Amino acid sequence: MKFETIIKVGEEHVDRMEHANHVEIVRFAERGRTDWLRTCGLYSNSDDDSALKFYGSVVVSINYNYRRECLLREELRIVTQPEHLGHKSYRIFHEIIKPDGSIAFDGKVTSVIMDIRSREIIKIPDCVARCFP
């Protein structure tokens, strides 16, 4: 399941050159990944005591490429797409696309799911696994 998040580059994201700082770009990708996981059903917004409420995604490997600068006031599309599903890890591909359609950033993130009560890495929950092709 491919997912898109829209973010507008604001003054809080830029440096003196009025382009988004590299740390902010990583945060944009993280926002896309979090939105994707929420859509998959990993993060429960309810007050019930379901197990999903106690799961969190943890990044274990990152490979990002900065291709073009993202400028103040640009509206960016953060595209998050599942790429590989393992037993206890999964890999996501990200692209950040500028208003002109050019790719400003892309890369891959490998993550695991952790039970935050036991601090143990668990098998990928079905709700996330179903979001992979």
Side-chain angles (χ1 to χ4, degrees):
M1 173 186 67
K2 186 177 182 179
F3 189 80
E4 293 189 9
T5 299
I6 305 296
I7 294 179
K8 187 171 184 176
V9 180
E11 290 186 22
E12 68 276 15
H13 304 127
V14 299
D15 56 23
R16 289 182 29 206
M17 298 187 325
E18 291 194 349
H19 70 207
N21 179 282
H22 70 282
V23 174
E24 295 299 329
I25 296 296
V26 171
R27 286 185 179 129
F28 293 168
E30 177 73 19
R31 165 90 180 275
R33 191 167 49 260
T34 300
D35 289 351
W36 180 81
L37 286 165
R38 187 172 285 115
T39 300
C40 291
L42 182 66
Y43 299 128
S44 173
N45 291 329
S46 68
D47 290 330
D48 67 15
D49 206 25
S50 69
L52 293 177
K53 183 177 178 180
F54 300 104
Y55 291 169
S57 179
V58 178
V59 172
V60 296
S61 176
I62 296 175
N63 183 347
Y64 286 151
N65 306 295
Y66 297 88
R67 304 201 180 276
R68 295 196 56 209
E69 60 185 347
C70 297
L71 302 173
L72 181 63
R73 291 184 279 286
E74 282 186 320
E75 191 169 273
L76 306 173
R77 283 189 306 131
I78 292 76
V79 178
T80 304
Q81 186 169 326
E83 190 174 82
H84 174 76
L85 178 65
H87 180 69
K88 288 192 174 183
S89 69
Y90 64 96
R91 188 172 57 241
I92 297 294
F93 179 75
H94 289 291
E95 281 183 323
I96 296 181
I97 302 170
K98 294 172 61 73
D100 67 2
S102 64
I103 297 171
F105 168 98
D106 63 20
K108 299 176 182 190
V109 178
T110 301
S111 298
V112 296
I113 304 294
M114 179 181 273
D115 182 319
I116 59 178
R117 296 167 294 180
S118 68
R119 312 303 289 180
E120 296 290 327
I121 295 169
I122 63 167
K123 177 182 173 283
I124 302 299
D126 289 341
C127 64
V128 175
R130 283 192 297 268
C131 294
F132 282 77

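No hydrogens, no waters, no symmetry mates; every other heavy atom, side chains included, goes into these values. Small disclaimer: the values here were computed from a predicted structure and weren't measured.
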Decide, yes or no, whether a salt bridge links Glu74 with Lys8 under the criterion of side-chain N to carboxylate O below 4.0 Å. no
ILVMFWY network linking Ile25 to Ile62, side-chain heavy atoms under 4.5 angstrom: yes
Answer with yes or no whether the side chains of Arg33 and Thr80 bring together a donor and an acceptor at under 3.5 Å. no
Identify the two heavy atoms, one from Ala20 and one from Val14, that lie closest to each other, and give their separation to 0.1 Å. N-CG1, 3.9 Å
Is the count of non-hydrogen atoms from other residues, nucleotides or ligands lying under 6.0 Å from Glu12 atom CD greater than 12? yes
Non-hydrogen side-chain atoms of Val109 and His94 separated by less than 4.5 Å: yes
Between Val79 and Ile97, does the side chain to side chain contact (heavy atoms under 4.5 Å, CB included) criterion hold? Intermediate values first, please. CA-CA 8 Å; Val79 178; Ile97 302 170; 3.8 Å; yes
Contact check, side chains of Ile103 and Arg68, non-hydrogen atoms, under 4.5 Å: no
Any side-chain heavy atom of Thr39 within less than 4.5 Å of one from Met1? yes
Side-chain touch Pro82/Pro133, heavy atoms, less than 4.5 angstrom: yes
Please determine whether a side-chain nitrogen of the Lys or Arg among Glu24 and Arg27 lies less than 4.0 Å from a carboxylate oxygen of the Asp or Glu. yes
What I'd like to find out is whether the side chain of Ile96 reaches to under 4.5 Å of the side chain of Tyr66, using heavy atoms alone. no
Would you indicate whether the side-chain heavy atoms of Ile78 and Ile6 approach each other to under 4.5 Å? no
Phe132 ring center near Trp36 ring center (under 6.0 Å): yes
How many angstroms lie between NE2 in His13 and SG in Cys70, if you round to the nearest 0.5 Å? 11.0 Å
CZ (Arg73) and CD (Glu18) are apart, to the nearest 0.5 Å, by 6.5 Å
Lys123 (side chain) donor-acceptor with Ile113 (main chain) under 3.5 angstrom: no
If I take atom CG from residue Asp126 and atom SG from residue Cys40, how far apart are they, to the nearest 0.5 angstrom? 12.0 Å
For His22 and Tyr64, run ring-ring contact (aromatic ring centres under 6.0 Å, His included): C-alpha distance rounded to whole Å, both residues' side-chain angles, the deciding distance at 0.1 Å, then the answer. CA-CA 10 Å; His22 70 282; Tyr64 286 151; over 10 Å; no
Is there a continuous path of hydrophobic side-chain contacts, each under 4.5 Å between heavy atoms, that joins Leu72 to Phe105? yes
Side chain to side chain contact (heavy atoms under 4.5 Å, CB included) with Leu37: of Tyr55, Phe3, Tyr90, only one passes, and it is Tyr90
Flag side-chain contact, heavy atom, 4.5 Å: Val112 against Ser57: no
Shared hydrophobic cluster for Val26 and Val9 (ILVMFWY, side-chain gaps under 4.5 Å): yes
Side-chain ion pair, Arg117 and Asp115, N-O less than 4.0 Å: yes
How far does CG of Leu76 sit from CD of Glu4, to the nearest 0.5 angstrom? 12.0 Å
To the nearest 0.5 Å, what is the distance between CZ on Phe28 and CD on Glu30? 13.0 Å
Classify the side-chain pair Asp106/Asn65 by whether it contains a donor and acceptor separated by less than 3.5 Å. yes
Among the clusters formed by ILVMFWY side chains lying less than 4.5 Å apart, do Leu42 and Ile124 turn up in the same one? yes
Atom NE2 of His87 and atom CD1 of Ile122: how far apart are they, to the nearest 0.5 Å? 10.0 Å
